[in-house]
There are 2 protein chains.
Amino acid sequence: MIGLRHLETLDAIREAGSLVEAAERLHVTQSALSHQLRDLEDRLGVSLLNRRTRPVRFTVAGERLLALADQVLPLMRQGLRDIRSLATGQSGRLHLAIECHACFQWLMPALDRFREQWPQVELDLSAAFAFAPQPALLRGDLDMVISSDPVEHDALLWLPLFSYELVLAVARDSVLAARDFIDAQSLADQTLITYPVERERLDIFTAFLDHAGVEPAQIRRTELTPMMIQLVAAGRGVAALPNWAISEYLQHDLICSVPLGKQGVWRTLHAGIRREEAEVPFLQEFIQTAKQESLRGLQGIRAAS
Amino acid sequence: MIGLRHLETLDAIREAGSLVEAAERLHVTQSALSHQLRDLEDRLGVSLLNRRTRPVRFTVAGERLLALADQVLPLMRQGLRDIRSLATGQSGRLHLAIECHACFQWLMPALDRFREQWPQVELDLSAAFAFAPQPALLRGDLDMVISSDPVEHDALLWLPLFSYELVLAVARDSVLAARDFIDAQSLADQTLITYPVERERLDIFTAFLDHAGVEPAQIRRTELTPMMIQLVAAGRGVAALPNWAISEYLQHDLICSVPLGKQGVWRTLHAGIRREEAEVPFLQEFIQTAKQESLRGLQGIRAAS
DNA sequence: TCTTTAAGATGAGATTTTCTCATGATAGGT
DNA sequence: ACCTATCATGAGAAAATCTCATCTTAAAGA
C-alpha cells in the first residue's frame, strides 16, 4: 500500500523543493516521481502536495506522511547499519559452551583478552555438562563448543586448538608417585576423584579404565579443581586431569603427576562452529586467541617438567 | 534494499513459527516467502533464521530485524490510519479567512458549534485584511475564504451563504434618520466611520459613493464595531454596515439605519473553497452551519423591523 | 530401521510493479 | 505574449515479485 520508497521520495521532494531536483537526488527520472506520487495519491485518496507552488507545498496529509518518514527512515537506516555490522562480523554474538571442567583455567584469560578486543560482540559462556552441545550449536543456541569429543557433522567445522595429556594426579608420598607410568590395574584399589558428570563424559573411564575393565575402589566427586588438588595432596584419592590444568600445582610441589599407561592418554581440544560461520572474523580471532592462551599453559608445563 | 514487505514477512514468520503457516496468513505461497527470505539474506549477507527447527529460530541479525519491525510497523499502521481519516474527511484542517470585519459577529457562534461537532478538525481563523486570500486559498495556506467579492477561478468553488443589505447607521436624532433612503450627495458633509482597511475594500465606496463621485467630508477609522456604534449614537459620524451587524443595536434603539440609495446596496457573502475539496464532509458541514447561523441573525432583523 | 509426512528449497515462467523515454500541458518570469 | 522550467501522461521496457511444479530433507511413526 505505502512503501519506504514513497517516504523517501516525499522526504527528497521536501528537501529539494521540486520533483525535478528530487528526481536527480534519487537518481531516477522526474517521470518516475510523478507516476509514483500520483499512484500513491490515487490509492490513498488524498492529495499530498501542491506542485504548482515553488517550492512545492505539502497538504495536511502530505505533512503527516513526512512526519512518518521522519520517524521511520532513521530507524530503518540504523537497523540497516546494525545488520551490516553483524554481516561484516564487526559485531555479533558468541555463545560459548565448554564440555570440560578444567577448561575454565585457560579459557578465562582468553575470554578477558577477547572482550577487550571485540567489545561489540555479545559474549556468553555456559558449561555443557547437562546437555548435548552439538544440537544446540546446530540450532543456533550456541555459536561455539569447546570439546575433546568432536562429533563430525556436515554443517559443523571442528578446529583443533591443542593436544594435551591426561595424567593422574597423585600425592607426593603416594606409592604411585614414583612410577614411570600407571597401568589400569593400579587404580583398582584407589579412590578416584572426578567432576560430577556422567561417567561417559569422563576420559579416565572411556579412554583408559573401560578398556581394561577396571573399576576404581571408590569414586568421589567435586566440582572444583583446587579442591580436587587439595584432596589428592592430602592422600584422599587420585584424579585424572589435563597436564596444563595442574602445572601450577606441580611447580609448587603440592602433588605429583604420572602418565596413564605406557603411551599416556592424549586428547585434543577442538573448537566447533557452524560451517556457515567459518569466515566470521571474531570467531576466527577467538580461536587464535584461545590457541595462544593454551600455548602459555603448555610453556608453563615445559618449565615445570 | 530492505522493504516493509520484508519486515511484515519476518513478523508473520515469528508469529506463525513456520514459512508455510506464515505464507497462509499473508495470502501468498510458501515459495514466495522462501524466495523473498533468500533474496534478503543474500543481499544483506547474513542468515536471518534457521528453518530447520520448529518453530524456526531467528539469528541475531534476524532478531535485530524483528526489533526493527516492532518499531516501524506500528508507526506505519498508525500513519496509514491517520491518512485514511484525513482522506475520508473525518479529520482535517479548516484554515478560514474572512474579508469583512463585521463577520465575526455571526461567525463566532458558527465556529463554536462546528468545533463541538468536528473536534478532529484543526480550526484556524485569520482576518484577510492585509493580504489577498484567493492566492493563499489556491496554494493551500487557507482552506476557506468568506468574502463578498468572489473572484471566479477554475480551481475554486464559491458557494453563496446569504444576502444582506448594506445600510447606513445614523444617530437617532440625526436629520438623516427620518429619510426613507439616503443619496450619495447627503454624505458629502458627513463624517464617515470605517474599518481601517484600504478604500478598495470598503463597499460604501466601491458600491455607492465612487459611482456618484462623492467624497465624505471626513473619514474616521476604528477596528471595533461596538465603538463604531457608540460614535454613531453620539452623533460623531455615520457608518455603513451590514444590516445583520447592527440589528442588536437597532432593537435597543441606540441608533437608526437607513438604506443607501433607492434600491439599497445588497451584497451576498460567499464561502470559497478549492474545487477538489468540494466533497470534503466537514467543509460542506461548515457551510451549512454558517448558513443556519446567519439565518438566526436575519430572523433577528425581521423581528426588529 | 524403514516409511511417512510435512516443511523448506529451487527453477522456470507468469504477473505485477516500477521505471524510462518521448512528448504534451502549464505557470511564472521577462 | 513569449520563453523556460516544471509537472503530467501514455506506451513500452525493465525489474521485482509471485505462482506452479517438483525436489530435498528432517523428524515422527510403525
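Residue numbering restarts at 1 for every chain, and letters A, B, ... go by the order of the sequence lines.
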| Residues within residues 35-62 of chain B bordering DNA chain D, heavy-atom distance below 4.0 Å | H35(B), Q36(B), R52(B)
| remark: Note: I273(B) and E277(B) closest approach over all heavy atoms is CD1-O, 4.1 Å
| said: Distance check needed: dG8(C) P versus E24(B) CD, whole Å only. | reply: 11 Å
| message | Rounding to an integer number of Å, can you tell me how far I13(A) CD1 sits from dT6(D) P? | response | 14 Å
| message | Using a distance-only criterion (donor-acceptor N/O pair, under 3.5 Å, no hydrogens), is the base of dC19(C) paired with the side chain of T29(A)? | response | no
| task | Could you state the atom-to-atom distance from CE of M1(B) to P of dA15(D) in whole Å? | result | 18 Å
| What nucleotide, of dT6(D), dA22(C), dT19(D), holds the atom closest to the side chain of S31(A)? | dA22(C)
| Is the shortest distance from a Lys or Arg side-chain nitrogen in E15(B) or R25(B) to a carboxylate oxygen in the other one below 4.0 Å? | no
| request: Calculate the interatomic distance between D154(B) atom CG and dT26(C) atom P; express it in whole Å. | output: 10 Å
| field | S163(B) and T268(B) side chains, donor-acceptor separation under 3.5 Å | value | yes
| field | Between dC18(D) (P) and L33(B) (CG): distance, integer Å | value | 8 Å
| message | Check R275(B) with D154(B), please: is the shortest side-chain N to carboxylate O separation under 4.0 Å? | response | no
| message | Less than 4.0 angstrom from a charged side-chain N to a carboxylate O is my criterion; do D124(A) and R93(A) meet it? | response | no
| task | Please confirm whether the backbone N or O of H95(A) pairs with a side-chain atom of D143(A), one donor and one acceptor, at under 3.5 Å? | result | yes
| When you match S34(B) and Q30(A) each to their closest nucleotide on DNA chain C, which lands nearer the 5' end? | S34(B)
| message | Could you tell me how far apart R139(B) (CZ) and dA27(C) (P) are, to the nearest whole angstrom? | response | 16 Å
| request: Check the distance between dT17(C)'s P and R5(A)'s CZ and give it to me in whole angstrom. | output: 12 Å
| Between E41(B) and R51(B), does at least one N-O distance fall below 4.0 Å, as a salt bridge requires? | yes
| request: Would you mind telling me which of dC18(D), dT20(C), dA7(C) lies closest to the side-chain atoms of S18(B)? | output: dA7(C)
